[in-house]
Every structure is written in structure tokens, then in C-alpha cells.
Protein chains: 2
Amino acid sequence: MARPPLSKERVLRAAVALADDIGIEALSMRKLAQELGVVPMALYKHVTNKDELLDGMVDVIMAQIDPPAVGTDWKSAVRQRILSARQALLRHRWASQVIESRAAPTPAVMDYLDSMIGLFRTGGLSVDLTHHVMHAMGSRILGFSQELFDDSGPANPEEQAAAMSAMAQRYPYITEMAIAASHTDESVVGSGCDDQFEFEFALDILLDGIARLHRAAMAG
Amino acid sequence: MARPPLSKERVLRAAVALADDIGIEALSMRKLAQELGVVPMALYKHVTNKDELLDGMVDVIMAQIDPPAVGTDWKSAVRQRILSARQALLRHRWASQVIESRAAPTPAVMDYLDSMIGLFRTGGLSVDLTHHVMHAMGSRILGFSQELFDDSGPANPEEQAAAMSAMAQRYPYITEMAIAASHTDESVVGSGCDDQFEFEFALDILLDGIARLHRAAMAG
DNA sequence: TTGACAGGTGTACGGCGTACACCTAACGTG
DNA sequence: CACGTTAGGTGTACGCCGTACACCTGTCAA
């Protein structure tokens with residue numbers, strides 16, 4: 001059962017899989033080495049240090065983002081691309097955190113941003129408006145989506161009810177919203193909130209606002 | 001020169017200051033103890049572990065956010081509050097990262113979110129719309145603002161020019177935007193981009209879109 | 001006086017990233 | 001074929017980290 005030789009490729013892919021499994025904060029060079037059936041220092045022949053490993057992992061995720069669609073209006077193209085990025089980041093929950101904690105964006109991230117800007121520019125938006133828009137999109141550009149509630153309720157019913165009423169006392173508005181969301185949602189399980197819908201809702205507010213500004217600029 | 005006795009308060013404040021100084025990733029229990037003139041284990045009489053320390057640090061920052069204004073329309077109240085949160089997070093750049101990396105939001109964060117939801121609800125927005133809006137605001141609720149370019153150019157002019165043209169080759173749109181921004185800006189130094197303006201621009205796109213949806217809901 | 005307790009100390013353990021010296025097998029070149 | 005180079009895996013070791021645990025000491029209520 002000879003182990004195939006390591007390579008930067010193999011190391012990065014294993015690191016991504018391991019981070020998916022045990023979480024990014026538990027990922028260590030030593031565990032990764034063990035996973036690959038190798039001594040820790042062997043990894044350093046393929047990545048210069050852990051930071052470069054993290055950068056490489058980000059690049060693996062960025063490569064999963066679909067290229068921009070051609071032959072459509074800028075708005076749909078942007079929309080598609082951002083939703084594709086969102087999918088990639090949702091597959092690897094640690095990714096946004098790593099991207100944002102990195103000192104400098106990796107070239108792959110820069111490529112993504114550049115092509116995103118390109119979609120606005122070739123769509124006819126001015127440089128200035130595009131600039132504002134990139135800021136407006138903020139982390140949404142990278143498909144970020146946070147989950148506020150873990151909704152992990154392994155407690156018994158009484159405890160849960162008690163927790164619920166304590167919650168309602170302390171955070172009335174959060175509770176009201178959570179209840180409304182869970183009633184609205186047809187499914188019984190889950191957070192009672194369609195994340196995909198929420199994400200697109202927010203995205204569309206931004207895109208609509210941007211389109212409005214663009215039209216106003218053209219008319220003026 | 002007797003050292004005043006420790007307290008959770010003092011520990012947390014020192015931790016915040018130290019994180020501001022040396023960065024959150026370099027903050028360790030040992031360095032914090034040293035800063036306080038105490039042995040590392042002494043800290044554990046005041047915080048149960050490092051995670052609780054981080055939570056406490058977040059609470060210190062949350063306490064710096066102004067309470068919501070009273071007697072104004074919901075939109076200005078939300079605007080003010082978010083801008084105040086932004087100021088707090090800008091004073092401590094590590095804060096967003098810590099907040100987002102924490103498994104569960106601290107009570108102080110929950111309080112903030114609850115009161116933010118309250119602003120929308122008492123302003124007359126429906127529970128459903130408010131729910132969508134909170135998602136739409138996303139990380140902007142917490143005043144998040146990222147800086148893409150460090151703009152740290154300690155290299156000599158030739159190198160800088162070379163780097164610039166390499167950059168323009170590889171990331172044409174980013175470069176175009178960066179140049180436009182630096183020409184627009186009246187000041188010579190800095191990133192050539194008024195972060196505060198960009199933040200408010202984005203915030204207003206969202207708030208305007210939300211107000212439009214709200215008016216439509218009332219009219220319908 | 002005493003006993004509890006709050007708060008600071010010292011030692012120790014296991015895990016981390018990684019520097020450095022080493023080994024070994026494959027290979028291009030004479 | 002012999003041989004130096006080199007790519008890639010190994011072993012040891014260092015200094016840092018969080019923190020468990022036993023201990024000490026000063027204060028104060030009973």
C-alpha cells in the first residue's frame with residue numbers, strides 16, 4: 001500500500017478536506033501530516049509555512065467559482081457570479097474567515113475582484129460608480145452569509161420552553177422575529193429561514209439601488 | 001509601586017489595549033499577564049479561559065456603541081446607531097474578526113441586535129420585512145469595513161513603477177479604479193478613497209431600498 | 001482564634017509551528 | 001558505469017501556547 005508522492009496540489013486538497021472535517025481552528029500542520037501519512041516536516045517541502053498553506057487553501061476554493069457568464073446584462077452576470085461564489089464559500093464554512101483574516105488577498109482573490117469590477121465596467125457603469133458599488137457590496141461580493149442561530153436544541157422540552165421564555169424576556173424583538181420566521185416557513189426542521197432567499201433579497205436591494213443610480217447618472 | 005489588584009474589568013481593558021497594540025493574533029494569556037505584572041495563571045481567577053476573555057473583550061467594544069437615538073424616524077436612528085458601531089469597530093480593528101469567529105454571539109451582541117430590530121419594528125416595519133432587512137444589512141449592521149489595499153509602499157520609485165505596471169497588466173480593472181480614486185481624492189497621501197463616504201453610500205443604498213419596499217408594502 | 005475564601009504563584013503537560021541536520025532514492029552527465 | 005546533484009521524506013529540538021493542579025498568603029467574619 002505505497003503512498004503516492006506528495007505535491008502542493010495534494011497537500012492543499014487534503015488541507016481543505018481536513019478543515020471541512022475538523023474545523024479551521026483545529027487544523028494543524030501535524031494533523032494534516034498525519035492525515036497524509038507523513039511526518040509533519042515533510043509538508044514544508046511543499047508549502048513554506050502555515051500561512052502559505054492557508055493562502056493555498058483559499059485559492060482552491062476560489063477556483064470553484066464559476067467564470068462570469070458572457071452575453072448577458074451586467075446585472076445578471078454579477079448576480080450569477082456572486083451566487084456561485086456564495087455556493088463555494090458555503091461548501092467550506094471556514095473560507096470567509098480565512099480570506100478576511102489574511103493580511104493580503106491572494107492573487108486568486110484579486111483575479112476574482114478584478115473580473116467582478118470588469119463586469120460592472122463593461123456593463124457601462126462609470127469608474128466612480130463601480131468603485132462605490134464594490135464598497136456597497138462589501139463582503140457580499142464574496143458570498144458571505146452568516147448564521148446567527150445554531151438552532152442546536154438537544155435539550156428536553158421543559159428546558160427548551162424555559163430557555164425560550166427567558167429568551168423572549170431578554171430579547172423580545174429577536175424572539176418575535178424568530179417565531180414569525182418559523183411559522184412562515186413550511187418546513188418543520190431547520191432555522192425557519194430560507195438563507196438563500198434572504199441572501200438574494202439583500203443582493204437585489206443592492207443591485208436595484210445600483211441600477212437606479214446608474215440610470216439616474218445616464219439620464220442626468 | 002504597588003500594583004492595584006486585578007479584576008475582570010481591568011483584565012479585559014488591558015486585553016483590549018494589548019490587542020490594539022500587538023494585534024489579536026499575537027495576544028496571548030502570557031503576554032497579557034506580563035503586561036499586568038502578574039503570572040499567567042493569575043488571569044484564570046478572573047476569566048475561565050481564553051475564549052471567555054475574547055468574549056469579554058467583545059463586550060467592552062459593544063459597550064462603546066451609542067444607545068439608539070429617541071424621537072427620530074427609524075431610518076435616522078438606524079443610521080446613527082450603525083455609524084456608531086462602525087466607529088467602535090474601527091477603533092479596534094480586530095473586533096469584527098473576533099465577533100465573527102466566536103461560536104455564539106455574546107449577550108452584548110444579542111442586545112445590540114435586539115435593539116436594532118426594535119428600531120425597525122417600532123418604526124412600523126413588519127416582522128417579515130424587518131427579518132429580510134436584518135439579513136440585507138448583514139455584516140454592515142456591525143459596522144464592518146474592509147480595506148483592500150494596504151498602500152504600504154516603502155520601495156524605491158522604480159520598483160514601485162514596475163509593480164504598478166505589473167499590476168495594471170494583471171488586474172486592469174482594479175488598477176483603473178485605484179487610479180481614478182487617487183485622482184479624485186484631494187489629499188495626496190492615503191488610500192485615495194474616503195472610507196466613511198463609501199460606507200455611508202452603501203448603507204444608504206440599502207436603507208433607501210428598504211424604505212422603498214416599506215412604502216410599497218404600506219400602499220399595497 | 002480560627003477557618004474560609006479570594007486571589008496570586010510555580011510547576012508541569014501536551015500541542016503547536018518550524019529551524020536544522022540528516023538520510024535516501026532517482027537521475028542527468030562524464 | 002560511476003558520481004555529484006537534487007527532490008523529497010525523516011528525526012530531533014526549541015520556544016511558544018493554553019491551562020490543570022497544588023500551593024501559598026493575606027483578609028475578614030464568626
Side-chain angles (χ1 to χ4, degrees), chain A residues 1-60 94 97-104 106, chain B residues 1-60 94 97-104 106:
Chain A
M1 149 148 195
R3 171 173 49 68
L6 253 47
S7 71
K8 184 156 187 177
E9 188 74 13
R10 251 171 60 76
V11 169
L12 293 181
R13 279 222 300 263
V16 166
L18 189 54
D20 287 346
D21 262 14
I22 67 176
I24 194 69
E25 72 292 332
L27 176 73
S28 72
M29 298 298 273
R30 293 167 129 101
K31 286 187 197 147
L32 177 55
Q34 189 171 18
E35 197 77 9
L36 288 163
V38 112
V39 92
M41 284 312 290
L43 300 177
Y44 289 87
K45 299 288 174 173
H46 303 277
V47 294
T48 71
N49 52 40
K50 192 177 181 184
D51 277 358
E52 197 193 277
L53 177 78
L54 291 173
D55 281 346
M57 292 168 67
V58 168
D59 287 356
V60 169
W94 44 269
Q97 194 182 135
V98 173
I99 292 173
E100 277 164 31
S101 69
R102 225 90 289 283
T106 70
Chain B
M1 139 146 201
R3 169 174 49 70
L6 252 47
S7 70
K8 184 156 186 178
E9 187 74 14
R10 250 170 61 75
V11 168
L12 293 181
R13 280 222 300 263
V16 166
L18 188 54
D20 287 347
D21 263 13
I22 67 176
I24 193 69
E25 72 292 333
L27 177 72
S28 72
M29 297 300 273
R30 293 167 129 101
K31 285 186 198 148
L32 177 56
Q34 189 170 18
E35 197 76 10
L36 287 163
V38 115
V39 91
M41 284 312 289
L43 301 177
Y44 288 86
K45 298 287 168 158
H46 304 276
V47 295
T48 71
N49 53 39
K50 191 177 182 184
D51 276 358
E52 198 192 277
L53 177 78
L54 291 173
D55 281 347
M57 291 168 69
V58 168
D59 287 356
V60 169
W94 44 270
Q97 193 181 135
V98 173
I99 292 172
E100 277 164 30
S101 69
R102 226 87 286 282
T106 70

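The model shown is predicted, which means the values in this text are computed figures rather than measured ones. Within every chain, numbering begins at 1; the chains are lettered A, B, ... in the order of the sequence lines, protein sequences first and strands thereafter.
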Can you see if the side chain of A/H46 gets near the phosphate of D/dA7 - specifically, an N or O under 4.0 Å from OP1 or OP2?
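No, outside the criterion.
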Note to self: Run the salt bridge (charged side-chain N to carboxylate O under 4.0 Å, His left out) test against A/K8 and tell me which residues pass, sequence neighbours left out.
What the structure shows: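 Checked A/K8 against salt bridge (charged side-chain N to carboxylate O under 4.0 Å, His left out); matches are A/E52.
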Salt bridge (charged side-chain N to carboxylate O under 4.0 Å, His left out) contacts touching residues 22-42 of chain B (sequence neighbours left out):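 Checked against salt bridge (charged side-chain N to carboxylate O under 4.0 Å, His left out) - neighbours excluded - no pair reaches residues 22-42 of chain B.
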By side chain to side chain donor-acceptor pair (under 3.5 Å), B/D59 pairs with (sequence neighbours left out) B/T106
Sequence-distant partners of B/D51, side chain to side chain donor-acceptor pair (under 3.5 Å), two or more places apart
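B/D51: side chain to side chain donor-acceptor pair (under 3.5 Å) contacts with B/R102.
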Do any side-chain atoms of residues 39-46 of chain B form donor-acceptor pairs under 3.5 angstrom with protein atoms, and if so which ones, sequence neighbours left out?
none

Report the distance from atom [atom1] of [X] to atom [atom2] of [N], rounded to the nearest whole Å.
X	N	atom1	atom2	value
A/E52	C/dG17	CD	P	15 Å
B/L43	C/dA6	CG	C1'	16 Å
B/L36	C/dG7	CG	P	15 Å
A/L32	C/dG17	CG	C1'	13 Å

From the candidates C/dG7, D/dG9, C/dC16, the one with an atom nearest any side-chain atom of A/K31 is C/dC16
Practice problem: Evaluate side chain to side chain contact (heavy atoms under 4.5 Å, CB included) for A/L53 paired with A/L32, printing each intermediate quantity in order. | Solution: CA-CA 11 Å; A/L53 177 78; A/L32 177 55; 3.9 Å; yes
Look for any protein N or O under 3.5 Å of an N or O in nucleotides 18-24 of chain C and output each such pair with its distance, or none.
| from | atom 1 | to | atom 2 | distance (Å) |
| --- | --- | --- | --- | --- |
| C/dT18 | OP2 | A/Y44 | OH | 2.9 |
| C/dT18 | OP2 | A/K50 | N | 2.8 |

